[in-house]
Visitor: 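What follows is a single structure, and I will ask about it in a moment.
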Amino acid sequence: MINKIVNYSACLIGLFPAVLTAQIKPVVTGRECPNVILVLTDDQGIGGLSCHGNPYLKTPCLDRFYEESIRMTDFHVSPMSTPTRSAIITGRYPIRNGAWATFKGRDIISRNSRTIAEVFRDNGYSTALFGKWHLGDNYPSRPTDCGFEYAVQHRSGGVGELSDYWGNNYFDDTYWVNNEPHSFKGYCTDVWFQEAEKFITRQKESEKPFFIYLSTNAPHGPHYVAEQYSAPYKLLQDKGILKDAGFYGQIANLDKNFGKLDNFLKKNGLDENTIVIFMTDNGAAMADNTWVYGYRGAKGSRLEGGHRVPFFIRSPKGGLEGGKDISAMVAHVDLLPTLSALCGIGISDEDKLDGIDFSPVLQHKGKLPQGRTVFIHHRQDSKPPYDVKESCILKDNWRLLDGDKLYNLSNDKLQQKNIAASNPQLVKELLEENKEFVKQTKQLAEYRNFIPVVAGSPEQKVVVLTIQHAIGEDGGLWKAEQVAEGIKNRNNGYAIEFATTGTYHISLARWPRECQGEIHGVPERNPKSWYSYKEIKPEKAVIELDGRKYSREINANMKEVCFEVKMKQGTSFLKADFVENGQPFGAYYIYIEGV
């Protein structure tokens with residue numbers, strides 16, 4: 001294990017050792033254990049369902065599941081994608097697991113805690129992920145490094161982003177199967193569900209139960225979907241009632257796929273002993289023109305609509321059925337302990353979870369601790385979230401935003417009446433709880449340090465870094481179209497752990513290797529004729545490691561600039577730039593390989 005920590009003063013954060021695992025003895029095995037399927041959709045929000053009163057959308061399959069399920073009506077997540085996913089996977093708050101943003105090095109999961117997949121795998125389950133991960137594209141933070149034995153996924157935050165396979169656009173794409181690229185036919189959401197069904201079919205004859213994390217990229221934008229799904233909403237878009245018919249079409253497609261999966265389980269006699277969960281990752285991205293279930297707020301907001309989401313759970317054999325509402329306040333960090341309990345899996349004290357087990361409430365065997373407080377600290381940046389600013393502290397029906405705006409949802413669902421001045425004692429108590437929570441959090445390495453990718457490991461021959469995840473003070477690039485058009489960005493930093501002392505090749509490229517082109521030119525291929533290519537003419541490439549700077553001129557016909565460097569085992573901070581007309585900007589693609 002590498003323990004060296006190097007500070008990066010610009011962000012006042014260091015580097016965190018990448019791998020820390022614990023061996024836990026399995027405690028349950030066998031077919032009598034329930035299967036688990038967790039379906040998580042992207043940017044759908046609490047109002048993206050007709051069973052939640054959406055006046056335009058039709059979701060008959062999810063409506064039927066709603067009627068058959070127990071609904072946790074006060075379920076909370078983070079206001080953005082990665083932090084919600086990191087909390088689900090680790091049972092720890094994003095501010096404590098290191099993955100609190102969607103870019104700038106803060107969308108990588110720490111390996112200092114067991115994941116939900118490792119918990120189930122270590123207890124006799126077959127584990128699989130289908131769809132979106134967004135917690136790291138390199139070792140040791142890929143799905144297969146984090147307990148998933150089988151993974152079919154796109155990379156980074158969405159299909160077609162610049163870290164994803166070049167040319168992906170939701171239809172007939174190339175996705176990664178256990179970290180190797182494979183071509184698929186069909187629409188992305190259809191692929192995720194179809195591959196999940198294939199996995200279940202392979203598991204049927206096995207004595208092992210399965211845990212499936214089916215995490216769709218839809219209805220995240222861009223809102224591409226077959227016209228048959230968006231057409232019913234096109235007239236409403238034309239009238240200005242809806243902003244994007246594609247958003248609704250994506251949900252309609254999701255609904256159809258969910259219904260097909262449910263029918264598949266029933267047809268194969270698996271529905272009775274399978275825990276099925278439907279939820280979304282944050283508020284709706286299209287909340288400016290959609291129903292928010294009577295609340296205010298959208299994706300990214302600390303208002304209720306930004307983090308309160310649907311949570312439906314059904315398990316007939318486990319007694320979880322019947323169309324019942326439970327109003328207890330629970331959160332994303334609670335899933336790991338709750339699902340573990342429902343499946344008879346013990347949790348080690350060493351896991352240090354933030355979540356609580358709410359299975360007694362689901363099974364009508366008990367109540368949750370009174371006065372439970374849930375914390376949201378949201379900051380879309382590489383720097384740690386603020387202590388109080390941009391926070392939301394939740395207790396019962398109270399919501400304290402930014403430390404000075406207090407709302408009581410029991411009579412103010414729209415959060416329009418700030419009653420902080422008339423409730424000073426409650427505000428003080430909530431702030432004291434938050435102060436202690438933050439104080440404990442600041443002792444953790446995940447809060448203080450960047451979580452590095454590991455180069456030179458036999459687990460991954462070539463590390464691939466992209467400007468989408470670069471650390472710096474600029475805004476973000478995330479679209480492949482932005483790379484194609486040569487849009488420049490000043491972010492250029494990456495936390496790296498070199499697994500062994502030795503020689504490494506660090507190569508800077510304008511284009512990804514799956515669609516190579518000259519740095520001063522454009523690729524010969526334009527997959528699906530999708531991109532508008534533009535040339536740029538940087539004169540040189542520059543990298544910096546541990547205070548050492550290396551520079552090379554870029555010549556005509558060069559596709560990559562390769563630097564050969566000798567590195568000691570340990571952590572470091574890499575900066576990688578192209579320079580054009582004397583102005584540096586982050587290299588788009590960086591490849592690191594041990595020699």
Side-chain angles (χ1 to χ4, degrees), residues 101-105 107 132 134 136-138 153-171 173-176 181 188 217 220-222 224 382 453 462-494 506-543 554 556-562 574-581 583-592:
T102 64
F103 65 164
K104 292 191 178 184
D107 58 349
K132 179 171 177 173
H134 206 180
D137 292 335
N138 291 287
Q153 59 165 139
H154 66 80
R155 283 186 173 168
S156 198
V159 171
E161 293 186 350
L162 67 89
S163 300
D164 197 27
Y165 200 88
W166 193 262
N168 280 359
N169 66 356
Y170 290 43
F171 297 92
D173 290 335
T174 298
Y175 303 125
W176 277 265
C188 53
N217 57 291
H220 190 290
Y224 304 140
S382 60
V453 302
V462 181
V463 166
V464 184
L465 306 175
T466 75
I467 196 170
Q468 181 170 6
H469 305 294
I471 300 162
E473 300 301 316
D474 207 347
L477 289 186
W478 66 94
K479 297 179 181 180
E481 290 85 350
Q482 293 172 314
V483 172
E485 294 169 10
I487 295 174
K488 299 178 177 65
N489 185 281
R490 294 186 303 277
N491 295 337
N492 66 352
Y494 305 88
I506 301 177
S507 301
L508 277 56
R510 164 78 170 93
W511 306 100
R513 284 183 174 176
E514 65 266 24
C515 192
Q516 279 192 321
E518 296 173 2
I519 296 174
H520 288 172
V522 301
E524 292 182 5
R525 294 191 306 110
N526 189 345
K528 306 174 187 176
S529 300
W530 190 251
Y531 303 107
S532 297
Y533 289 146
K534 294 184 180 179
E535 295 183 357
I536 59 173
K537 302 291 184 181
E539 300 94 19
K540 62 181 178 179
V542 180
I543 66 170
I554 299 174
N557 304 321
M558 290 180 69
K559 294 181 177 180
E560 295 181 0
V561 179
C562 181
L574 167 70
K575 294 183 180 181
D577 286 302
F578 287 134
V579 179
E580 185 172 8
N581 297 323
Q583 297 298 315
F585 59 95
Y588 296 108
Y589 296 92
I590 302 114
Y591 299 89
I592 305 177

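Keep in mind it's a predicted model, so treat the numbers as computed, not measured.
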Visitor: Locate the shortest heavy-atom distance separating P512 from Y589; write the atom from each residue and the value.
Guide: CD-CE1, 3.5 Å
Visitor: For E560, is there any backbone N or O sitting under 3.5 Å from a side-chain donor or acceptor partner on Y591?
Guide: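 The answer is no, because no donor-acceptor pair under 3.5 Å joins these two groups.
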Visitor: Can you list the steps and then say if V462 with R513 is a side-chain contact (heavy atoms from CB on, under 4.5 Å)?
Guide: CA-CA 11 Å; V462 181; R513 284 183 174 176; 4.0 Å; yes
Visitor: Can you find a pair of side-chain heavy atoms, one from P523 and one from E518, that are under 4.5 Å apart?
Guide: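 Not in contact.
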Visitor: Report yes or no: does D164 contribute a side-chain atom to a donor-acceptor pair with the main-chain N or O of R155 at less than 3.5 Å?
Guide: yes
Visitor: So among N491, N138, D107, which one has a side-chain hydrogen bond (donor to acceptor under 3.5 Å, both in side chains) with H469?
Guide: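 For H469, the side-chain hydrogen bond (donor to acceptor under 3.5 Å, both in side chains) test succeeds with only one of N491, N138, D107, which is D107.
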Visitor: What distance separates S532 OG from N526 CG, expressed to the nearest 0.5 Å?
Guide: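 CG of N526 is found 8.0 Å from OG of S532.
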Visitor: Set out, in order, the CA-CA distance, both residues' side-chain angles and the distance that settles side-chain contact (heavy atoms from CB on, under 4.5 Å) for I536 and F585, then state yes or no.
Guide: CA-CA 12 Å; I536 59 173; F585 59 95; 4.0 Å; yes
Visitor: Closest heavy-atom contact between G167 and P527?
Guide: CA-CB, 3.8 Å
Visitor: Might you point out which heavy atoms bring G586 and D577 nearest each other, and give the distance in Å?
Guide: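 Smallest interatomic distance, heavy atoms only, reads N-OD1, 3.5 Å.
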Visitor: Please report the interatomic distance CD(E161) to OG1(T102), rounded to the nearest 0.5 Å.
Guide: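 Atom-to-atom, E161:CD and T102:OG1 are 8.0 Å apart.
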Visitor: Between the main-chain N or O of Q516 and the side-chain N or O of W166, is there a donor-acceptor pair closer than 3.5 Å?
Guide: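 No; judged by distance alone, with no hydrogens or angles, the pair does not exist.
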Visitor: Are any side-chain N or O atoms of K479 and backbone N or O atoms of A484, one a donor and one an acceptor, separated by less than 3.5 Å?
Guide: no
Visitor: Any chance you could measure E539, atom CD, to I554, atom CD1, to the nearest 0.5 Å?
Guide: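 Reported value, rounded in 0.5 Å steps: 8.0 Å.
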Visitor: I'd like to know if the side chain of K132 reaches the main chain of H154, judged simply by a donor and an acceptor atom lying under 3.5 Å from each other, with no hydrogens or angles considered.
Guide: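 Judged by distance alone, no pair lies under 3.5 Å.
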Visitor: If you round to the nearest 0.5 Å, how far is CD1 of I590 from CD1 of I467?
Guide: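 Atom-to-atom, I467:CD1 and I590:CD1 are 7.5 Å apart.
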Visitor: Is there a side-chain contact between Y175 and V159, using heavy atoms and a 4.5 Å cut-off?
Guide: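 Answer yes - side chains close enough.
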Visitor: Quick one: list whatever passes salt bridge (charged side-chain N to carboxylate O under 4.0 Å, His left out) with E535, sequence neighbours left out.
Guide: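 If we apply the salt bridge (charged side-chain N to carboxylate O under 4.0 Å, His left out) test to E535, skipping adjacent residues, the hits are K537.
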Visitor: Test D137 against T466 for side-chain contact (heavy atoms from CB on, under 4.5 Å), laying out the working first.
Guide: CA-CA 10 Å; D137 292 335; T466 75; over 6 Å; no
Visitor: What heavy-atom pair brings W176 and P181 nearest, and what distance separates the two atoms?
Guide: CD1-N, 3.9 Å
Visitor: Is a side-chain donor or acceptor of Q468 paired with a backbone partner of S163 at a separation under 3.5 angstrom?
Guide: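 Such a contact is found between Q468 side chain and S163 backbone.
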Visitor: State, to 0.1 Å, how close A470 and Y494 come at their nearest heavy-atom pair, and which atoms those are.
Guide: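 Heavy atoms of A470 and Y494 come nearest at CB-OH, 3.4 Å.
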Visitor: Are E481 and Y531 close enough that some pair of their side-chain heavy atoms sits under 4.5 Å apart?
Guide: yes
Visitor: Do NZ/NE/NH1/NH2 and the carboxylate oxygens of D173 and K528 come within less than 4.0 Å?
Guide: yes
Visitor: Ignoring hydrogens and angles, tell me if any N or O in the side chain of K559 forms a donor-acceptor pair with the backbone of A509 under 3.5 Å.
Guide: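 Absent.
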Visitor: Over all heavy atoms of both residues, which pair between G475 and N489 is shortest? Give the atoms and the distance, please.
Guide: O-ND2, 2.8 Å
Visitor: Quickly, which of K488, R510, K540 forms a salt bridge (Lys or Arg N to Asp or Glu O under 4.0 Å) with E580? Name it, please.
Guide: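 Looking at K488, R510, K540, the match for E580 under the salt bridge (Lys or Arg N to Asp or Glu O under 4.0 Å) is K488.
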Visitor: P584 versus K575: any side-chain heavy-atom pair under 4.5 Å?
Guide: no
Visitor: Find the distance between SG (C188) and NE2 (H220) and round it off to the nearest 0.5 Å.
Guide: 12.0 Å
Visitor: Can you measure from CG (L508) to OH (Y588) and round to the nearest 0.5 angstrom?
Guide: 12.0 Å
